[in-house]
Amino acid sequence: MGDDLEVPFSRVVVALLGPDPDPDPDRDPDPDTAADVALRSARTASAEGHEVVYLGRSDPQATAWAVRAEDAATALVVADDASAQQLRDALDAMGLHEVQVSRVAPQ
């Protein structure tokens with residue numbers, strides 16, 4: 001009889017921060033939107049063994065609350081520098097200093 005090993009996992013909240021640009025597919029033929037980047041980031045995190053909570057488009061304060069509710073170790077956001085900093089500030093205000101904020105630039 002083998003020992004039961006408890007494998008630690010990390011929970012990652014993935015969000016797309018910023019306003020919805022409401023893209024016009026006739027003017028923007030590039031399929032590599034910020035939303036696509038967020039979805040690929042979520043899939044990559046999942047493939048790396050993380051439990052992923054995908055929020056889609058969000059704002060920094062709502063994302064901070066989701067991180068807290070999900071007890072996530074990392075917030076992976078597709079955002080500009082200002083939005084990522086707003087999230088860091090919101091997490092710090094909640095006392096969640098240990099949460100890592102990883103930013104992926106929107107393309």
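Small disclaimer: the values here were computed from a predicted structure and weren't measured.
Atom OG1 in T44 sits 10.5 Å away from atom CG in L39 (nearest 0.5 Å). Within the model, atoms CG of L17 and CZ of R57 stand 9.0 Å from one another, a figure rounded to the nearest 0.5 Å. Separation of atoms CZ (R88) and CD (Q100) is listed at 9.0 Å; rounding is to 0.5 Å. We find the OG1-CD distance between T74 and E98 to be 10.5 Å, quoted to the nearest 0.5 Å. Taking CG from L55 and CG from L76, the interatomic distance works out to 11.0 Å, rounded to the nearest 0.5 Å. Distance check: D71 CG to L96 CG gives 9.0 Å after rounding to the nearest 0.5 Å.
Side-chain atoms of R103 come within 3.5 Å of backbone N or O of A79 as a donor-acceptor pair. Between the S46 side chain and the A42 main chain, no donor and acceptor come within less than 3.5 Å of each other.
Counting all heavy atoms, side chain and backbone alike, Y54 lies closest to A35 at OH-O, 4.1 Å. Minimum heavy-atom separation, V77 to A84: CG2-CB, 4.4 Å. L87 approaches A75 most closely through the heavy-atom pair CD2-CB, 3.9 Å. The two residues S58 and T63 make their nearest non-hydrogen contact at OG-OG1, 2.9 Å. Considering every non-hydrogen atom in both V13 and A72, the closest pair reads CG2-CB, 3.7 Å. For the residue pair S83 and P60, the shortest heavy atom distance occurs at O-CG, 3.8 Å.
Taking the side chain as every heavy atom from C-beta outward, M94 and Q61 approach each other to under 4.5 Å.
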